[in-house]
Amino acid sequence: MTTTNSNSPAVTLNEHPHASGYSSTRSLSPSPTINGDVLAHLPASHDRHQPDLSFPYQTTDYLRAGITNEYRETSRSGVIPLQGALHRAPTRGAHKIDPEKADALRDVQLVVWKEDDPEDPRNWAKWYKWFITMNVGLAVISVAFGSAIVTGDFPGIQKEFAVSEVVVALSVSLMVIGFGIGPLLFSPLSELYGRKPLLAIPMWIYVIFNIPCALAKNIETLLICRFFCGFFASAPLTLAGGAISDVFDNNERGFAIALFAAAPYGGPVLAPLVGGFIGSSIGWRWMIWVNMILAAVAAIFVTILPETYAPVLLRKRAAKLRVELDRDNIVTEQELFPKPFGEMLVETLIRPFQMLLTEPILLLMSLYISMIYGLLYAFFFSFPVVFGEGYHFSDGIVGVTLCSVLVGLALALLVTPQLEKYYMKKVEEGGGKADPEHRLPGMMLGAPFVPISLFIFGWTSPSIVAAHGANWVGPLISGIPFGFGMVVIYFAANAYLIDAFPAYVASALAAKVVVRSGMGAAMPLFIVQMFHHLGNGWAASLLGFLSLAICPIPFAFYKYGKSIRARSKRAAPS
C-alpha cells in the first residue's frame, strides 16, 4: 500500500496486522543509507501498541502521509530509509494512498536515535529523569496553587474593593478559564519549538502578571491580570505530562505519570492552607507575593532544564547532518510532511469541539473529569462555610482542614501503580495488546468514593450535627475518600482517552481540558450561595447525587466501549 501527502509525493506504506497500527513491518529498501545500516528496532522501553506521546500529531500531516516510529526507534547509524517505514495511522480517518507515486521518496532517510544514544532523553540517568519530573511537577503544583491562593482571604479583597463575594470569586474562575484557553496555543507551539521554551517563557510571563495582581488598585485590574495569569500558567499544565513522557517511555512511565496526575489537584489544596494564614496575618496582597515567589522558583528550575522533545532534537540533528554530509535527503517526518497552517487551526480550534459533539466516549469522559475537577473547587468554597461559619475556625485552620484531601491523594498514589500492573497483565494476556477499556477499572474503583465523600460531608456538618466538641471530624474526613477517588479517576480516565483516540490525542486532550476548566470556573460562582440557601446537608447531597448519577459511565464504557469505538471514525479500531 502507498500513501499521498497533499504537498508531497506518495511513499510506501506497510499495513500492519494489528489494528492499532503502532508498529512498523519495515521491509528492507535498496535506498542508500549511511554506513549501509537499514536495521532499526523499538527499544524495550516502548510499547508499540500505545500512542507515542512524543509524536508531533498537531504539526505533522500523518493522516495523509502515514505514521512512523521515527521518534522512538533506534538504529546503529541513526538513520533509516523512509520507504517501508510508514504505516497507516490508527484510525479509520487515515487516507488511502496513491501507488503511482510510491517510489518518489525512495531515497529519503529519516533521522532516528542511535542505539544507546546519549542525546536520547530515554537514555539519561534515572536520577536525572526524576530530577526533570520533579521540576516540571513543581511547575504544575505552583500554577495550580496560584489558582486557589486568593481563597485564603476573600473577605479582605471584598472589603478593600467593596464588591460582593461572587465578584471576588471571579478571581478564581477567570484564572481557571485561562487554564482552558492557553493549551490551544501552547500545545501546537511546543511541537514546533520544543518543550523548554514553551515551559520557561510562559512561566516567566505568569510570574510577571502576579505583580499587577498584588498591586491592583481596583477589582478590574485584579480580575484581568488573574485571567492572564491563568492563560500563561496553563503552559506547564499542558506540557509537563509530555516532558515526562519524553524521558520515561510508555513502558516505564506509570508512576511518574501518576505523580503528574496528582499534581494539578494537590496544588490547589495547599493554596488555602498557605493563603489562609498569610491573609489573616499580613493581608491578601502578600498571598499573591508569596505565590509569585513560588512561581519564580519553579520558573528558574524549568529554565535550566534541557530540551526533551524528540521531534525537535532530531530535527536539529537532521539539519546538522544535511550540512555535514551535503545531502538534502536526511529529514524528519515532521519536516517532510508538515501540516498546512489551516489544518493546524482546525486541529487546535475546531476539531476538539467537533469530537465533543460526535464522540460519546470523549464527551462523557470529559464531563466526568470536569465534574470531579469542579467538585475540587466546590470544596474550596464549601469548607469555609462549614468550618469557618459553622465551627468558627480561622481562615488558616480552614485551610488545614483541606489537608484531608491530600491524605486521600497520597493513598491514591499507592493504588495507581497497581492499576498499571493490572493493565500490563492484560497486555500480556492479549499477546502484546490490550483494549483501551482495560484502563477503566481505576475509574470503576474510584467512582463510588466521590459521592460517598459528599454525603459524609453534608450530613456530618452543622446544623445537622451540633457544632461543638470534636464533631468537626465528620466533615473533615470526607476529604480523604474524595482525594482518593479524584486522583484514581483522573489517572484512569486520562489514560483511557489517550488509548481510545491514539491518532487524535492532542484534540481529545484539548477537548477534555476546555470542558474541565469550564466546570472548574463555574463552581466558585454559586457554591457558597447554594450552601447558604439549601443548607449544608442538602447542598452537599445535591452534588453527591450528581456525582452518583455519572458513576455508571466507566462501567458502561467497560462493557460497551469496544462496540462504540467500532462505529467511530476517530477512535482506535476494535
Side-chain angles (χ1 to χ4, degrees), residues 52-59 71 119-122 124 128-147 175-176 178-210 227-249 253 256-257 259-268 291-316 334 348 494 505-506 509-510 513 517:
D52 176 12
L53 298 185
S54 287
F55 189 90
Y57 291 101
Q58 292 175 285
T59 54
Y71 306 108
E119 295 181 16
D120 182 353
R122 294 170 301 174
W124 293 346
Y128 194 52
K129 293 182 182 181
W130 280 106
F131 175 73
I132 292 171
T133 300
M134 292 301 129
N135 282 338
V136 296
L138 173 62
V140 171
I141 290 173
S142 71
V143 300
F145 177 92
S147 69
M175 186 164 180
V176 176
F179 285 168
I181 297 175
L184 300 178
L185 174 66
F186 298 131
S187 182
L189 285 180
S190 71
E191 292 191 0
L192 294 173
Y193 303 108
R195 311 280 194 207
K196 181 175 178 175
L198 269 299
L199 277 169
I201 295 173
M203 272 295 292
W204 283 111
I205 297 176
Y206 165 54
V207 172
I208 293 171
F209 266 104
N210 274 275
F227 167 77
F228 283 108
C229 279
F231 180 84
F232 291 104
S234 69
L237 292 174
T238 307
L239 305 178
I244 294 171
S245 298
D246 292 340
V247 297
F248 290 104
D249 210 348
R253 65 174 180 246
I257 289 295
L259 289 175
F260 166 69
Y265 295 95
N291 180 63
M292 188 190 75
I293 293 169
L294 175 61
V297 171
I300 291 171
F301 279 111
V302 297
T303 302
I304 65 174
L305 290 180
E307 181 57 65
T308 62
Y309 193 45
V312 169
L313 294 172
L314 290 177
R315 192 169 69 228
K316 292 178 180 178
Q334 186 185 35
T348 304
N494 206 55
V505 171
L509 295 184
V513 168
S517 298

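Note that the structure is a prediction, hence the values are computed from the model and not measured. Side chains are part of it too, since the values below use all heavy atoms of this structure and drop only hydrogens, waters and symmetry mates. All residue numbers in this chain count up from 1 along the given sequence.
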Asks: For the atom pair CG (L198) and CG (L185), what is the distance rounded to the nearest 0.5 Å?
Replies: 7.5 Å

Asks: Considering only heavy atoms from C-beta outward, does the side chain of F227 approach that of F209 to under 4.5 Å?
Replies: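 Side-chain contact under 4.5 Å: no.
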
Asks: Testing the basics here: between S190 and V312, what is the closest heavy-atom pair and its distance to 0.1 Å?
Replies: O-CG2, 4.4 Å

Asks: Shortest non-hydrogen contact from P236 to A233?
Replies: CD-O, 3.1 Å

Asks: Has Y57 got a side-chain atom pairing as donor or acceptor with D52's backbone, closer than 3.5 angstrom?
Replies: yes

Asks: Dump the intermediate steps for ring pair (Phe, Tyr, Trp, His ring centres under 6.0 Å) on F186 and F231, then the final yes or no.
Replies: CA-CA 10 Å; F186 298 131; F231 180 84; 5.4 Å; yes

Asks: Could you walk me through whether Q334 and Y71 pass the side-chain contact (heavy atoms from CB on, under 4.5 Å) test, one step at a time?
Replies: CA-CA 10 Å; Q334 186 185 35; Y71 306 108; 3.5 Å; yes

Asks: With a 4.5 Å cut-off on side-chain heavy atoms, are V136 and L305 touching?
Replies: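 Of all side-chain heavy-atom pairs linking V136 with L305, at least one is under 4.5 Å.
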
Asks: Between Y206 and N291, do the side chains contain a donor N or O and an acceptor N or O under 3.5 Å apart?
Replies: yes

Asks: If only atom types and distance count, is the side chain of K196 paired as donor or acceptor with the main-chain N or O of T308 below 3.5 Å?
Replies: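 No; judged by distance alone, with no hydrogens or angles, the pair does not exist.
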
Asks: Going by heavy atoms in the side chains, are Y128 and V247 under 4.5 Å from each other?
Replies: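 Not in contact.
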
Asks: Do P264 and L237 make a side-chain contact, defined as non-hydrogen atoms from C-beta onward lying under 4.5 Å apart?
Replies: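 P264 reaches L237 side chain to side chain.
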
Asks: Flag the pair M203 / V143 as yes when at least one side-chain heavy-atom distance between them is below 4.5 Å, and no otherwise.
Replies: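 The answer is yes; the side chains approach within 4.5 Å.
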
Asks: Could you check if a side-chain atom of F179 sits within less than 4.5 angstrom of a side-chain atom of S147, using non-hydrogen atoms only?
Replies: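 The answer is yes, as the side chains (C-beta and beyond) meet within the 4.5 Å cut-off.
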
Asks: With the side chain counted from C-beta on, respond yes when C229 and N210 share a heavy-atom pair under 4.5 Å apart, and no when they do not.
Replies: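 In contact.
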
Asks: Working to the nearest 0.5 angstrom, can you tell me the gap between E191 CD and S54 OG?
Replies: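 Here the rounded value is 10.0 Å.
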
Asks: Once you round to the nearest 0.5 Å, how far does CG of N135 lie from CD1 of I304?
Replies: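 The CG atom of N135 sits 6.0 Å away from the CD1 atom of I304.
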
Asks: Grab the two heavy atoms, one from P183 and one from G178, that are nearest each other, plus how far apart they are.
Replies: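 Answer, listing the atom of P183 first, then G178: CD-O, 4.4 Å.
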
Asks: Looking only at heavy atoms, what is the nearest atom pair of A235 and L199, with distance?
Replies: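 Looks like O-CD2, 4.2 Å.
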
Asks: Calculate, to the nearest 0.5 Å, the distance between atoms OH and CG belonging to Y309 and L192 respectively.
Replies: 9.0 Å

Asks: Taking the side chain as every heavy atom from C-beta outward, state whether L313 and P121 have any atom pair closer than 4.5 Å.
Replies: yes

Asks: Looking at every non-hydrogen atom in both residues, tell me the closest pair between A200 and T303 and how far apart they are.
Replies: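 Nearest heavy atoms, A200 then T303: CB-OG1, 3.8 Å.
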
Asks: When you look at W204 and I300, which way does the side-chain contact (heavy atoms from CB on, under 4.5 Å) test go after all the steps?
Replies: CA-CA 9 Å; W204 283 111; I300 291 171; 3.7 Å; yes

Asks: Begin with the C-alpha distance, continue with both residues' side-chain angles, and end with the deciding distance and a verdict on side-chain contact (heavy atoms from CB on, under 4.5 Å) for N494 and L509.
Replies: CA-CA 8 Å; N494 206 55; L509 295 184; 3.7 Å; yes

Asks: Roughly how far, to the nearest 0.5 Å, is OG1 of T133 from CD1 of I244?
Replies: 5.0 Å

Asks: What are the two closest non-hydrogen atoms of S234 and G182, and how far apart are they?
Replies: OG-CA, 3.2 Å

Asks: What do the steps show when you test F232 against I208 for side-chain contact (heavy atoms from CB on, under 4.5 Å), and what is the final call?
Replies: CA-CA 10 Å; F232 291 104; I208 293 171; over 6 Å; no

